[in-house]
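Notes to accompany the following structure.
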2 protein chains.
Amino acid sequence: MKLDQEQQVVEAALRRRGFRWTNQRAAIVRTALQSHEHFTAEELLALCRRIDPKVSRATVYRTLAVLEEAGFVEGLDTGDGGRRFEHVLGHDHHDHMVCLGCGSIFEFRDDELERRQEVAAKRIGFRIERHSLRIHGRCRDCQRAQKGGDRVSG
Amino acid sequence: MKLDQEQQVVEAALRRRGFRWTNQRAAIVRTALQSHEHFTAEELLALCRRIDPKVSRATVYRTLAVLEEAGFVEGLDTGDGGRRFEHVLGHDHHDHMVCLGCGSIFEFRDDELERRQEVAAKRIGFRIERHSLRIHGRCRDCQRAQKGGDRVSG
DNA sequence: GTAGGTGCAAACCTTTTGCAGCATG
DNA sequence: CATGCTGCAAAAGGTTTGCACCTAC
């Protein structure tokens with residue numbers, strides 16, 4: 001599925017829900033769809049402003065909330081108080097491993113993992129809306145680089 | 001293991017790392033150990049002040065950082081920008097479901113879940129140091145309360 | 001024409017920091 | 001008695017909100 005087509009999917013979905021389709025939203029959606037990185041709200045804002053320099057921060061946040069609610073975007077806490085987002089159109093759901101050495105993010109998916117979570121939730125009558133599994137550790141390269149260097153204090 | 005004993009474990013560990021043992025830290029550690037809830041920094045501050053009314057917010061944050069670093073406390077993002085903490089002395093590892101309706105936190109543990117993560121990590125040569133699985137959704141009670149009220153707009 | 005959306009700036013909330021004074025080791 | 005810790009208050013992120021204006025439908 002290509003960009004224009006994806007954008008139309010989002011547009012249609014939002015309209016169907018009674019939202020208006022504004023230039024700002026078009027810019028934001030298009031920018032988010034184009035990004036194959038995990039972006040912050042601030043980064044998204046900067047990128048949007050290349051298309052339309054007067055998109056405001058507030059609109060980016062408001063639109064991200066709409067998109068998240070509609071299921072086109074997923075947010076993940078970075079662990080330092082911030083959040084990053086990714087669009088999920090054409091992606092399968094996946095989880096993340098974050099390298100503490102270099103900050104790289106590795107995506108992975110395991111159906112059994114998903115299933116076990118459903119089971120655990122069902123057991124207590126909990127309805128899952130979303131989840132975030134973040135595994136922190138060291139990627140292959142950083143393990144190699146770290147050999148012999150264990151910290152004790154800052 | 002009882003409270004005094006646990007507190008001494010923490011004290012000894014911090015001293016060993018070269019930290020001083022102050023009244024404030026004693027109050028904070030004791031309060032954290034006593035709490036079998038997931039507390040926010042602000043809540044911890046309020047509780048500490050019952051023991052010692054002049055403990056400052058800054059000290060609570062600074063001490064939480066030390067405790068987290070030392071592995072006595074674990075922080076978890078609540079998904080709304082905030083964080084909650086729990087002490088891990090005498091606990092097994094577990095994951096969390098956070099209710100978006102009422103904020104309740106449910107703990108659960110699934111060995112297979114842990115195992116699958118190890119497998120996924122091994123597949124790409126990633127070494128896990130820690131992970132956090134947070135499931136966000138609605139608890140049983142909040143699902144009931146929400147029935148029939150599907151939002152379309154704010 | 002009228003909701004709903006937008007921009008701006010200020011408010012918010014949680015966490016961090018600079019600095020002078022205090023208390024621990 | 002030196003250094004690390006503390007309290008205060010201000011600063012620093014990141015996100016939300018009030019309000020008047022604008023625009024899609």
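All chains are named by letter (A, B, ...) in the order of the sequence lines, taking the proteins before the strands, and each is independently numbered beginning at 1.
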Original post:
Does the pair A/Arg115/A/Glu118 count as a salt bridge with the N-to-O cut at 4.0 Å?
Top reply: no
**OP:** Compare side-chain N and O positions of B/Arg25 against OP1 and OP2 of D/dG4 and report whether any pair is under 4.0 Å apart.
**Re:** no
**OP:** Provide, to the nearest angstrom, the distance between the CZ atom belonging to B/Arg15 and the P atom belonging to C/dG25.
**Re:** 4 Å
**OP:** Output yes when at least one side-chain N/O atom of A/Thr59 is less than 4.0 Å from OP1 or OP2 of C/dG7, else no.
**Re:** yes
Subject >> Side chains of B/Gln34 and B/Leu47 in contact at under 4.5 Å (non-hydrogen atoms) >> reply: no
Original post:
Does C/dT14 have OP1 or OP2 sitting under 4.0 Å from an N or O in the side chain of B/Thr40?
Top reply: no
Original post:
CD of A/Glu42 versus P of D/dT16: gap in Å, rounded?
Top reply: 13 Å
Subject >> d(CG, A/Asn23; P, C/dT6) in whole Å >> reply: 9 Å
Original post:
In whole angstrom, what separates B/Phe19's CZ from D/dT3's P?
Top reply: 18 Å
Subject >> Any B/Arg20 side-chain N or O less than 4.0 Å from OP1/OP2 of D/dT6 >> reply: no
Subject >> A/Gln24 side chain near D/dT23 phosphate (N/O to OP1/OP2, under 4.0 Å) >> reply: no
**OP:** Start with the C-alpha distance between B/Glu74 and B/His93, add both sets of side-chain angles, then the distance that settles side-chain hydrogen bond (donor to acceptor under 3.5 Å, both in side chains), and finish with yes or no.
**Re:** CA-CA 10 Å; B/Glu74 248 175 41; B/His93 167 76; 4.9 Å; no
Subject >> Donor-acceptor pair present, B/Arg62 side chain and C/dT16 base, under 3.5 Å >> reply: no
Original post:
OP1 or OP2 of D/dT23 less than 4.0 angstrom from a side-chain nitrogen or oxygen of A/Thr22, does that happen here?
Top reply: no
Original post:
With distance as the sole criterion, is a donor-acceptor pair present between the side chains of B/Glu107 and B/His38 under 3.5 Å?
Top reply: yes
Original post:
On DNA chain D, nearest-nucleotide positions of A/Ala65 versus B/Thr63: which is more 5'?
Top reply: B/Thr63
Original post:
Quick one: is D/dT16 close enough that its OP1 or OP2 comes under 4.0 Å of any side-chain N or O from A/Tyr61?
Top reply: no
Subject >> Pairwise distance CD(B/Gln24) to SG(B/Cys48) - rounded to 0.5 angstrom >> reply: 10.0 Å
**OP:** Rounded off to whole Å, could you give me the CG-to-C1' distance for the A/Leu67 and D/dT15 pair?
**Re:** 16 Å
Original post:
Between B/Leu64 (CG) and D/dC5 (P), how many Å, whole number?
Top reply: 15 Å
Original post:
To the nearest Å, how far apart are B/Arg16 CZ and C/dG25 C1'?
Top reply: 17 Å
**OP:** In whole angstrom, give the distance that lies between atom CZ of A/Arg57 and atom C1' of D/dG14.
**Re:** 9 Å
